[in-house]
Amino acid sequence: MADKQFYITTAISYPNGAPHIGHAYEVLATDALARFKRLDGFDVMFLTGTDEHGQKIQQTAARQNRTARELVDEMAPLFQEMVRSLGCSNDDFIRTTEPRHYATVQALWKRMEAAGDIYLSKYAGWYSVRDEAYYAEDEIEDREGKKYSTKTGTPVEWVEEESYFFKLASYQEKLLALYESQPDFIGPNERRNEILSFVKGGLQDLSISRTTFDWGIPVPDAPGHIMYVWVDALTNYLSATGWPDAGASRAKYWPADLHVIGKDIVRFHAVYWPAFLMSAGLPLPKRVYGHGFLFNRGEKMSKSVGNVISPASLIETYGVDQVRYFFLREVPFGQDGNYSHEAIINRINADLANDLGNLAQRSLSMINKNCEGRVPVPGAFTPEDHEILAAADAILAEARSHHDVQAINKALDAIWRVVADANRYFAAQAPWGLKKTDPERMGTVLYVTAELLRQFGILTQPYMPTAAPKLLDLLSIPADQRSFASLAKRLSGGVELPPPAPVFPRYVETEAEG
RNA sequence: GGCGGAGUAGCUCAGUCGGUAGAGCAGCGGAAUCAUAAUCCGCGUGUCGGGGGUUCGAGUCCCUUCUCCGCUACCA
């Protein structure tokens, strides 16, 4: 049991502005992965948080005439509230401004320094504050006397500073060996190929300290130097385990099993991060997975286009479980996805209200009216009964294999294929017609259907942490019989059920909306 | 410029070792009435981006070409 641990993380959010759908998507998907593992018997640690240092925060705060500290203390709770409102089950929320994080980052730095991988040199070049990146002479252009990055269009300024460097170049071979020996270190495959070609193309040493601003973690024994964003931010995954305190209660969780991140920061997680850890002599995470981006009707969400929708308003409009279900089912995790009001409604009504919700409602109300509100005691099963139950029994193994590669939408497809089968089963058996002709057979059909609902209820808990338990409540399933281990134990006949109530309401368009 | 990926039914996409093109959604018709106007059944003649080639036979292999996307590099 001690070996069945699972440490999963999201990237930490940069709280320079309010949380948006991208933040919500990443954390809700990671939550589904974490919940699945918990239900599957793992001792899970699920971490998310905020990355609160850097020049952008400092400048935003300055514009508002206050300190960076004041700014992040106001912003971080917005992210915590978003995570909470999405029904997420994170075990911790780390902020990079916390003392525990400072301690870990500085310890990691010292380890890398002791390994001989850090040296002092000088860095000069065109720096974009917004991108937090340096650009070469030919990567910038002159526009009305000012310099801009040709790549991102952001303003750049000439910066010359003393900087500590990390000997990244010397890790090229070790990294390639890592990708070779651990083929699933990077997912999905497209991202792996990109990283592979990037590293094969040669690595340069990395500047890992800054002296031009001071909102960051100080470099040990180097006044004036603060740490580069990625040394600081990536290390949060380690900080939450209490490292370097080997006696910390969470020390056992390292190395992380899965870092869930956006596809834009795969390089930092798949190149820099393992190199830092190798340097410090620490075990490496098992896998890094880069998910795609979400677009509103094919367009990137932006204030100028006027299609900005906050996670909070989505939840308010559709409901938290519905929002979670939609994004997890509709978008293949790892690919970019689209969302629109129409698409969300279609999923809510077709999959949740019609297919699953209505199946529950029609079968449970028949039990309520015709079986004294108790789970019927089934008679002998027919081949049809065995077949549909076998289909349900097969879901877990398939869902598991999809979750192993973060193919969340495929796991949901697998469940809903059987939901569709269950509707066909119910229609074919037509228990309402058996009421007078063969009440015992009717009871058996209703029993089988209730058992299928139990399976669906248990299996959908990772995705819909509010609605799925409601469905299980309607079946009087005790709290301690809701894990995947309980899937194999059939519903017991004779148990009293509460009156049925709709679990997934239809979304009805109101006049005002249109 | 280099590397990689993708172009298949109105929409989103599956198509394993080459063997007469599939699913879901939407649409049309029917059945049923237990149920959240829900459910079930039936209905798809698609230049599989274009062109050429290999093969008895190619969406599936090879060449070429067009378009889109990602990563990356960049010319004195």
Side-chain angles (χ1 to χ4, degrees), chain A residues 135-141 150-151 186 188-204 262-268 270-271 290-293 295 297-298 300 322 326 329-332 334-340 342-371 376 384 407 409-410 412-417 419-437 439 442-443 445-446 449-450 453 467 470-471 474 499-509:
Chain A
Y135 292 105
E137 196 68 43
D138 53 308
E139 286 178 305
I140 60 164
E141 62 183 349
T150 52
K151 216 169 165 182
I186 306 167
N189 237 297
E190 307 92 89
R191 302 279 98 79
R192 179 171 188 271
N193 293 338
E194 287 171 7
I195 293 300
L196 228 54
S197 73
F198 173 74
V199 175
K200 279 179 181 163
L203 295 173
Q204 295 188 336
K263 64 180 184 180
D264 55 329
I265 54 173
V266 171
R267 187 203 295 180
F268 306 107
V271 180
H291 67 251
F293 296 146
F295 299 95
R297 298 176 182 282
K300 186 173 178 178
Q322 285 83 348
F326 172 78
R329 177 79 197 273
E330 185 88 358
V331 183
Q335 290 176 219
D336 290 346
N338 268 299
Y339 61 94
S340 65
E342 292 73 20
I344 295 172
I345 289 179
N346 190 42
R347 281 296 182 190
I348 290 175
N349 287 347
D351 294 3
L352 298 181
N354 298 352
D355 288 351
L356 182 54
N358 184 54
L359 177 66
Q361 186 65 19
R362 67 200 297 209
S363 56
L364 293 177
S365 57
M366 277 200 76
I367 290 177
N368 185 53
K369 289 173 189 164
N370 304 298
C371 308
E384 288 79 12
N409 68 307
K410 289 187 181 175
L412 282 165
D413 284 344
I415 296 170
W416 255 263
R417 266 202 310 278
V419 171
D421 288 341
N423 271 306
R424 277 188 282 275
Y425 166 84
F426 198 76
Q429 300 306 314
W432 55 90
L434 296 166
K435 209 179 332 184
K436 295 208 169 125
T437 58
M442 176 195 74
V445 171
L446 292 175
T449 306
L453 292 173
K470 274 190 201 163
L471 178 54
L474 292 178
V503 178
F504 300 106
R506 271 185 80 74
Y507 184 94
V508 181
E509 204 81 63

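Chain naming here is simple, since letters A, B, ... match the order of the sequence lines and numbering starts at 1 in each.
For the pair A:N193 and B:G5, the criterion of a side-chain N or O lying under 4.0 Å from OP1 or OP2 is not met. One finds no side-chain N or O of A:R362 lying less than 4.0 angstrom from the OP1 or OP2 phosphate oxygen of B:A38.
For B:C3, the paired nucleotide is B:G70, the pair qualifying as Watson-Crick or G-U wobble because both relevant distances are below 3.5 Å. In this entry B:C28 has B:G42 as its Watson-Crick or G-U wobble partner, both defining distances falling under 3.5 Å. Using Watson-Crick or G-U wobble geometry with both donor-acceptor distances under 3.5 Å, B:C75 finds no partner in any strand shown.
Here, B:G51 and B:G15 have their C1' atoms 24 Å apart, quoted to the whole Å. Nucleotides B:A23 and B:A14 have their P atoms positioned 16 Å apart, rounded to a whole Å. Of the C1' atoms belonging to B:G29 and B:A6, the separation is 37 Å, rounded to the nearest Å. A distance of about 40 Å separates the C1' atoms of B:G57 and B:G30, rounded to the whole Å. For the C1' atoms, the distance from B:C3 to B:G18 is 28 Å, rounded to whole Å. Between B:U12 and B:G52, the two P atoms lie 29 Å apart (nearest whole Å). Taking atom P on both nucleotides, B:G46 is separated from B:G42 by 22 Å, rounded to a whole Å. The separation of B:G5 from B:U64, taken at their P atoms, amounts to 15 Å, rounded to a whole angstrom.
The nearest whole Å value for the distance from the CG atom in A:N354 to the P atom in B:U33 is 20 Å. In this structure, A:Q335 places its CD atom 11 Å from P of B:G7, rounding to the nearest Å. Look at CG on A:N423: it is 14 Å from C1' on B:C41, rounded to the nearest Å. Note: CD (A:E190) to P (B:U72) measures 15 Å, nearest angstrom. In this structure, A:D413 places its CG atom 11 Å from C1' of B:U12, rounding to the nearest Å. Rounded to an integer number of Å, the gap from CZ of A:R347 to C1' of B:A26 is 12 Å.
Salt-bridge formation is not detected for the pair A:K410/A:D413: no Lys NZ or Arg NE/NH1/NH2 atom is positioned less than 4.0 Å from an Asp or Glu carboxylate oxygen.
Residue contacts shown for A:S365 are limited to sugar-phosphate atoms, with no base heavy atom under 4.0 Å away. Using a 4.0 Å heavy-atom cutoff across all strands shown, A:G357 reaches at least one base atom of the nucleic acid.
Judged by distance alone, with hydrogens and angles left aside, the side-chain atoms of A:N354 form a donor-acceptor pair with the main-chain N or O of A:N349 at under 3.5 Å. Remark: the backbone N or O of A:F293 is paired with a side-chain donor or acceptor of A:D336 at under 3.5 angstrom.
Picking from B:U72, B:U36, B:A32 the nucleotide with the shortest atom distance to the side chain of A:R267 gives B:U72. Comparing atom distances between the A:N346 side chain and each of B:C25, B:C71, B:U36 picks out B:C25 as nearest. Taking every side-chain heavy atom of A:N358 into account, B:U36 is the closest of B:U36, B:C34, B:C41. Relative to the side chain of A:W432, the nucleotides B:C40, B:C34, B:U36 differ in distance, and B:C34 lies closest. In this structure, the nucleotide among B:C34, B:C40, B:U36 sitting nearest to the side chain of A:A353 is B:U36. Picking from B:C40, B:C71, B:C34 the nucleotide with the shortest atom distance to the side chain of A:E194 gives B:C71. When the nucleotides B:A35, B:U36, B:C40 are ranked by their closest atom to the side chain of A:R506, B:U36 comes out on top. Nearest to the side-chain atoms of A:K369 among the listed nucleotides B:A35, B:C71, B:C40 stands B:A35.
Atoms CH2 and CZ, from A:W416 and A:R347 in turn, are 10.0 Å apart once rounded to the nearest 0.5 Å. Here the straight-line distance linking atom CG of A:L446 with atom CZ of A:F426 works out to 5.5 Å at 0.5 Å rounding.
Residue-to-nucleotide proximity on RNA chain B shows that, of A:D355 and A:Q361, the 5′-proximal contact is made by A:Q361. RNA chain B is contacted by both A:V503 and A:R329; A:R329 maps to the nucleotide lying nearer its 5′ end (nearest heavy atom per residue).
Figure legend: cation-pi geometry between A:R267 and A:F198, with NZ or CZ positioned under 6.0 Å from the six-membered ring centre and within 45° of its axis.
Under the 4.5 Å side-chain criterion, counting only non-hydrogen atoms from C-beta, A:C371 is in contact with A:M442.
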